[in-house]
Amino acid sequence: MSMLTNTLGRYFAGRFVVAALGVFASIFLLLVLVDYIEMVRKTSGLASASAIMVAETSLFRVPQLLEKLTPFCMLIGAMTCYLALSRRLELVVARAAGISAWQFISPALGSALLIGVIATVAYNPMSANLRELSKRMEAELFGSAPGGGIQDASGFWLNQVTSDGQTIINAARSEQQGIRLTGLTLFRFDTEQHFVERVEAREAELEPGQWIFRGVRRYTLNGPPVEQAGFSIPTTLTEAQVRNSFSTPETVSFWQLPSYIRSSESSGFATAGYRLQYHKLLAQPFLLAAMVMLAASVSLRFFRMGGVQKMVLSGVGAGFLLYVLSKVTEDLSKAELMHPIAAAWLPVVVGGLTGFLALLYQEDG
């Protein structure tokens, strides 16, 4: 029986991994296609945009988008796997051989935990690096087009006060967590808060003690616009402070998050978003296992008994409700109304307990 169980366990684990990776690859190709079409539409008026560069930019953007859909890939993959096993009567044979439901879902749970660990320690840093690379390529594509390109929401804002006065900086896009900015507009005021000039720049880079701007056009109240190749303004901001201001938790890799949390605390910045992202990545393997448990609770039914559509809708509905719960807890945590640990682990606990209780009722109820 031990040899039989081990053989069946490897077989069920292999079937689950193939199904999950198939769903992952299908969604990846779909996202690449949709993003590529959108990028082609945005770059249709740029003569310097080649089809290969546009395709590479879309390809580098998609991994981070797909990372958010990994739990749903596990859910759909597990449902697909168990429904296929049921249709081919392999589950019937396994039950007739004395294998319980807990025994033939445990290989999928172990596989989901392993996939979650790989996604946290390897896939997340890779997707963060590719996202930074895609931002650099977007800057090359749209840097000469005012206001063009894929902007980060409403842009990034930075306010700095020096001995020369106040400068308000708005950037359309950010690279390297704010060290390099593109699509800039500056509003400069003197020490008496009187408006001095408005400056538009193609790009800017932070160097020790100063911002270096390139491709500059300056507008004043008393004269025509003046174009310059570049100019600089002093700053008291450090790289750590700028990174904490401009970077979003999703663009920081798993291995860099602890240092970002420490630097944010020492600089007086809010750390709720970084702490939440860190604990979400730590909880990701267990969230994937909870998704497998939910899928098993609605899929371990004989195919010929009917109700397949109902089972599929039940699984998708459970996954959607779990997603809504995770978004609610995430918003509460970012508003500092819930501890990041509770916000990250509550969806895992709710999803896991729901699937476990449903399976317990079906098998031993």
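Along the sequence shown, residues carry numbers from 1.
Proximity of the aromatic rings of Phe320 and Phe72 is defined here by a centroid distance below 6.0 angstrom, and this criterion is not met. Taking the six-membered ring for Trp, Tyr82 and Phe16 have ring centres at least 6.0 Å apart.
Inter-residue side-chain proximity for Trp211 and Ser232 is flagged as unmet; no heavy-atom pair is nearer than 4.5 Å. Side-chain contact between Leu85 and Tyr11 is present, with at least one heavy-atom pair separated by less than 4.5 Å. Inter-residue side-chain proximity for Leu69 and Leu31 is flagged as met; some heavy-atom pair is nearer than 4.5 Å.
Scanning all heavy atoms of the two residues, the minimum distance from Val350 to Thr354 falls at O-OG1, 2.7 Å. In terms of heavy atoms, Ala343 sits closest to Ser333 at CB-CB, 3.6 Å. Summarising the geometry of Leu66 relative to Cys73, their closest heavy-atom pair is CD1-SG, 4.5 Å, with the distance given to 0.1 Å. Of all non-hydrogen atoms in Gln160 and Pro234, the two that sit nearest each other are NE2-O, 3.0 Å.
Under the rule for a salt bridge (charged side-chain N to carboxylate O under 4.0 Å, His left out), the partners of Arg214 that lie at least two apart in sequence or sit in another chain are Glu203, Glu205. Residues forming a salt bridge (charged side-chain N to carboxylate O under 4.0 Å, His left out) with Lys68 (at least two apart in sequence, or on another chain): none.
Taken together through direct or relayed side-chain contacts under 4.5 Å among Ile, Leu, Val, Met, Phe, Trp and Tyr, Leu221 and Val226 form parts of separate hydrophobic clusters. Met338 and Val348 end up in different hydrophobic clusters when Ile, Leu, Val, Met, Phe, Trp and Tyr side chains are linked at under 4.5 Å. Cluster membership for Leu359 and Leu113, using ILVMFWY side-chain heavy atoms within less than 4.5 angstrom, is shared.
The CD atom of Glu330 lies 5.5 Å from the CG atom of Leu276; values are rounded to the nearest 0.5 Å. One finds the CZ atom of Arg61 at 8.5 Å from the CD atom of Glu38 (value rounded to the nearest 0.5 Å).
Aromatic ring orientation, Tyr278 versus Phe254: parallel (interplanar angle below 30°, classes split at 30° and 60°).
The one candidate from Leu181, Ile233, Val199 that meets the side-chain contact (heavy atoms from CB on, under 4.5 Å) condition with Phe213 is Ile233.
Arg131 and Ser134 form a side-chain donor-acceptor contact under 3.5 Å, judged by distance and modelled atom types alone.
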Checklist line | Residues Glu200, Arg218; criterion salt bridge (charged side-chain N to carboxylate O under 4.0 Å, His left out); working and verdict | finding: CA-CA 6 Å; Glu200 293 182 356; Arg218 308 175 73 166; over 6 Å; no
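Residues in residues 182-195 take part in these salt bridge (Lys or Arg N to Asp or Glu O under 4.0 Å) pairs, two or more places apart or across chains: Arg188-Glu197.
By the 6.0 Å contact criterion, CZ on Phe60 is enclosed, its count of non-hydrogen atoms from other residues, nucleotides or ligands being greater than 12.
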